[in-house]
Amino acid sequence: MQPRGPFTGRLGYACLNTVLRGQKPPVFCSRNVRIKTIEEKGMDYVRDLARANVADLIPMIEWSAANNIHFLRLSSEIFPFASHLQYGWDISFLQAELKAAGDVAKRLGVRLTMHPGQFCQLGAKSSTVLEASLREFEHHCKTLDLMEMGPDSIMILHGGGTYGDQAATLERIENTITTRLSASARARLVLENDELSYSAEELLPLCEKLSVPLVFDWHHDALRPSSLTPTELMPRILAIFHKRGIRPKFHLSEPRAGAMTLRARRAHSDRCGQLPLELPSDADLMLECKDKEQGVLHMYRIYKLFEPDVASLRPEADDATTRTSGRRTKLDGSGGSSTSPRKKAGPTAKEQERSLIARTIAKAKEVAARTGRPYTGPPDEEDLARLRQAELSSRDVLLDMRKRADAVRADLKAGRPRTSTAAEDLDEAGALAEEPE
DNA sequence: ACGTGTCAAGTGTTA
DNA sequence: TAACACTTGACACGT
């Protein structure tokens, strides 16, 4: 199905290895703590957690290399509260352990990157937020420095908020980058287009001016498109990486099947199924999907890049819906939930079901009127199952997103205002347009 | 052991 | 206005 050429680059996953996490004892690098516990147990407890997190870096890197994965993102939770104003602490006492992990990564050829959280606002107006952002960013940098990682170990940030004035905020970001970052932090900084505030095109002028590479994210680009297509943007994106001597890096995620609203489409699916056509064949691509390393192995199989070790494979969830944050609520409303179930992620399963039935009936009536055939009543279970399948297919969502992104691009090129990329209805979702038997 | 509510931090969008 | 989406799930407590 894919017309793209062979992919020779590296696929990576972020922060957590679900296979190792499930082992006994578990291997993971994101042990965390609450403030209350810090106050009860003291900082030594936090440092012990951090030591355990660092110790698990090595098996995670080794497992990855053994499974042909040479690209990882380190979790920001590896050092809980390290940059906190009140409960912060110095990671230097772990220098030897960090260097050991870095040595393993370099020996096995595993690229390590980091991605500080949304709290890092280089364009913040508030000095409190800006100082916290700088502490956090420099802390991430110190982690990679202590591991003695090379220039490919970059740190990704988004533009962040716009504070109602994108141009003014971009100036503040520039000022922060040029006057507030350490040399090492600036050397590792890269920016990434996001899906709400800064498209690739809106970041590129700053990136080009300061020689800060841009990590291009296809999913974000679909939700906040530039006037230029990814193909048109690609030479500019690659030029900065090449100028800096940093291996290009990209991000890929996909919306969950059935996602129609903007909110739902922002969320990430369990796995990815399509390599972007514009992806350079030798690029590093970070997969941001819920199934982590399984997403990479999944892609290895789809594109026949590697034959994964059977022992490393886990089956794909069969009950994934538009619900996110690890929720696995089925369409019929049953199913477990690993996080707070009373909080809604989009419409509830019952609401989705009601809506689906209503639209289906309306469509059937319309078809009946158009074709002269009698309307035979509401859909039965079999109809619904078929419609769910067609309507909620991830492929349909991707195609719809691409189509809407193209429309936004056309608007931007024509100087018209930016419009929404969200789907308002399901009329174009494949099987719904089919006529009943 | 398991289920569930909550957790350091920011911003924008939506129901 | 509160919930939720994002780069990332785990802690902590109650049953």
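It should be emphasised that the depicted structure is a prediction, and the values quoted were computed from it without experimental measurement.
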Problem - Side chain of A:Arg73 (C-beta onward), nearest among C:dT8, B:dA8, B:dT13 - result: C:dT8

Problem - Side-chain N,O (A:Lys36) to OP1/OP2 (C:dC13) below 4.0 Å - result: yes

Handout entry: Which nucleotide in B:dA8, B:dG10, C:dC11 has an atom nearest any side-chain atom of A:Phe81
Key = B:dA8

Exercise for the section: Report yes if some heavy atom in the side chain of A:Arg180 is under 4.5 Å from a heavy atom in the side chain of A:Asn175; otherwise report no. Expected result: no

Practice task
For A:Glu136, report the nucleic acid contact type (base, sugar-phosphate, nothing); a contact means any heavy atom under 4.0 Å.
Solution key: base

Problem - Among B:dT11, C:dC6, B:dA8, the one nearest A:His84 by side-chain distance - result: B:dA8

Practice task
Give A:Ser126 one of three labels, base, sugar-phosphate or nothing, depending on what nucleic acid heavy atoms sit under 4.0 Å from its own.
Solution key: nothing

Exercise for the section: Decide, applying a 5.5 Å centre-distance limit and a 30° plane-angle limit (both strict), whether A:Tyr87 stacks on B:dA8. Expected result: no

Exercise for the section: Could you tell me whether A:Lys125 contacts a base, only the sugar-phosphate backbone, or nothing, with contacts defined as non-hydrogen atoms closer than 4.0 Å? Expected result: nothing

Practice task
Measure from the side-chain heavy atoms of A:Ser197 and tell me the nearest of B:dG12, B:dA8, C:dT8.
Solution key: B:dG12

Completion exercise
In whole angstroms, the gap separating P of B:dT14 from CZ of A:Arg265 amounts to 13 Å

Problem - Residue A:Arg266, side-chain heavy atoms: nucleotide from C:dA5, C:dA10, B:dG10 that is nearest - result: C:dA5

Practice task
Could you state the atom-to-atom distance from CG of A:Asp48 to P of C:dC11 in whole Å?
Solution key: 14 Å

Problem - Residue A:Ala267, side-chain heavy atoms: nucleotide from B:dG10, C:dC6, C:dC11 that is nearest - result: C:dC6

Problem - Which nucleotide in B:dG12, B:dG10, C:dG9 has an atom nearest any side-chain atom of A:Thr162 - result: B:dG12

Problem - A:Leu16 side-chain proximity, nearest of C:dA10, C:dC6, B:dA8 - result: C:dA10

Practice task
Name the nucleic acid region contacted by A:Leu85, choosing base, sugar-phosphate or nothing; use a 4.0 angstrom heavy-atom cut-off, strictly under.
Solution key: nothing

Practice task
Check A:Asp221 against A:Pro230 and note the closest heavy-atom contact, atom names and distance.
Solution key: OD2-CG, 3.7 Å

Exercise for the section: Find the distance A:Asp291:CG to C:dG9:C1' and express it as a whole number of Å. Expected result: 14 Å

Handout entry: Side chains of A:Ser227 and A:Glu201, donor plus acceptor under 3.5 Å
Key = yes

Exercise for the section: Identify whether any heavy atom of A:His219 sits under 4.0 Å from a base atom; if not, whether one sits that close to sugar-phosphate; answer base, sugar-phosphate or nothing. Expected result: nothing

Practice task
Among the candidates C:dT8, B:dA8, B:dG10, find the nucleotide nearest to the side-chain atoms of A:Arg34.
Solution key: B:dA8

Exercise for the section: Using whole Å, report how far CD1 of A:Ile173 lies from P of B:dG10. Expected result: 16 Å

Practice task
Taking all heavy atoms of A:Cys272 and all of A:His298, pick out the closest pair and write down the distance.
Solution key: O-CD2, 3.6 Å

Exercise for the section: Give the nucleotide from the list B:dG10, C:dA10, C:dC6 with an atom nearest to the side chain of A:Glu195. Expected result: C:dC6

